[in-house]
Amino acid sequence: MAKKELQEFKKIEDFQNQGNSFSEITLLAPVPNPTSFRDAYAFRQHVETSRLNRGLEMIPEFDQFPVFYFSNHQAIQGPGPVYCMPKHFEKMDFELEVAIVIHKKGRNIKAAEADQYIAGFMILNDLSARNLQMQEMKLNLGPAKGKDFASSFGPFLVTLDELENYRTEPLPGHTGNAYDLKMKCWINDNLVSEGSLASMNWTFAEIIERASYGVTLYPGDIIGSGTVGTGCLLEINGTGKRKDPAYQEIWIQPNDRISMEVTALGKLENTIYQEDLSE
């Protein structure tokens, strides 16, 4: 190695040695200030089981179009601590999801071209205050206040080229890319949920088509997949009680640690704290 090349190598090595480990830094959400946040309802298993647990038949409209609601794009969290109010802990729930980020402006986007508008994928934990949600939805509005206090994303935004090896065909009759990404969630190291992104009945491409009908999507807009089957305590508790009336419900408690892992997307970890109102 020539003397000049050796000097340049030393400069690079010194720069690399000045870096910080992940234990020394705090990661923000990959998109900490999104322009909007929509969350869809794309997994039939979650919808069907949740309705069955309430003694309801599957709603036929689920198969007619992908539905979504708007959540609070000003309440975005990354990995790490999440602080919540006391009423949020009245049946506090996680929701195991994957989200996409839009990277270019578009309107009336067709599903066949919609995957071109996706910048990448990231894990989403859509925290839900179920008691507040149930109260407001009796008035045929929402979910709103039961959802708008915190949504966690991360730890990374993974671009589509990194997911090519996991790409698969969508379910019959649907358009757009699907990805066989295994999804898991732990509460305090106890595995509570497992599923796959490939089980989405509506693809992200189809959700984009619906969302962009007569509406402009912008770079930085976030769209969630909705909850994977078994991907929340509302569904898990409902199934447990339906099978065994003596089943003891579980909900997120202050100081619980929620860990979500999705193939190729990393691991998102949050510890949920109750805000100290005495300060």
Does any part of the side chain of Ile252, heavy atoms only, come nearer than 4.5 Å to the side chain of Ile258, both counted from C-beta?
yes
By the ring pair (Phe, Tyr, Trp, His ring centres under 6.0 Å) test, which pairs, at least two apart or in different chains, include something from residues 204-235?
Phe121-Phe204
With Glu48 via salt bridge (charged side-chain N to carboxylate O under 4.0 Å, His left out) - residues at least two apart:
Arg44
Does a side-chain heavy-atom distance below 4.5 Å link Ile109 with Glu209?
no
Using only heavy-atom distances, determine whether the side chains of Asn237 and Glu249 contain a donor-acceptor pair under 3.5 Å.
no
Check: Leu160 and Ile118 side chains under 4.5 Å, non-hydrogen atoms:
yes
salt_bridge(Glu113, Lys110) N-O dist < 4.0 Å
no
Looking only at the side chains, is there a donor atom on one of Asn188 and Arg257 sitting less than 3.5 Å from an acceptor on the other?
no
Do the two ring centres, one from Phe68 and one from Phe70, sit under 6.0 Å apart?
yes
Is it true that Lys182 and Asp180 make a salt bridge, defined as a side-chain N closer than 4.0 Å to a carboxylate O?
yes
Do the non-hydrogen side-chain atoms of Leu124 and Ser151 ever get within less than 4.5 Å of each other?
yes
With no hydrogens and no angle check, is any side-chain donor or acceptor of Glu261 less than 3.5 Å from a backbone partner on Lys267?
no
Between Asp39 and Glu97, is any pair of side-chain heavy atoms under 4.5 Å apart?
yes
Would you be so kind as to tabulate the donor-acceptor pairs closer than 3.5 Å made by side chains of residues 138-148, with sequence neighbours excluded?
{"unit_1": "Lys147", "atom_1": "NZ", "unit_2": "Glu95", "atom_2": "OE2", "d": "2.2"}
{"unit_1": "Lys147", "atom_1": "NZ", "unit_2": "Asp126", "atom_2": "OD2", "d": "3.0"}
{"unit_1": "Lys147", "atom_1": "NZ", "unit_2": "Ser128", "atom_2": "OG", "d": "2.8"}

Between the side chains of Asp221 and Ser36, is a donor N or O closer than 3.5 angstrom to an acceptor N or O?
yes
Are Tyr166 and Tyr179 close enough that their ring centers fall under 6.0 Å?
no
Assess the residue pair Asn108 and Ser212 against the criterion (side-chain hydrogen bond (donor to acceptor under 3.5 Å, both in side chains)); give the C-alpha distance rounded to whole Å, side-chain angles, the decisive distance to 0.1 Å, and a yes or no.
CA-CA 5 Å; Asn108 296 325; Ser212 68; 5.7 Å; no
Tell me if the aromatic rings of Phe153 and Phe37 count as close, with their centers under 6.0 Å from one another.
yes
Answer yes or no: does atom CD of Glu169 have more than 12 heavy-atom neighbours from other residues, nucleotides or ligands under 6.0 Å?
no
Close side-chain approach of Asp93 to Trp251, heavy-atom, < 4.5 Å:
yes
For side chain to side chain contact (heavy atoms under 4.5 Å, CB included), just list the numbers for Cys232 and His46, CA-CA rounded to whole Å, side-chain angles, deciding distance to a tenth of an Å, and then say yes or no.
CA-CA 9 Å; Cys232 69; His46 170 67; 3.5 Å; yes
Report yes if some heavy atom in the side chain of Lys87 is under 4.5 Å from a heavy atom in the side chain of Asn131; otherwise report no.
no
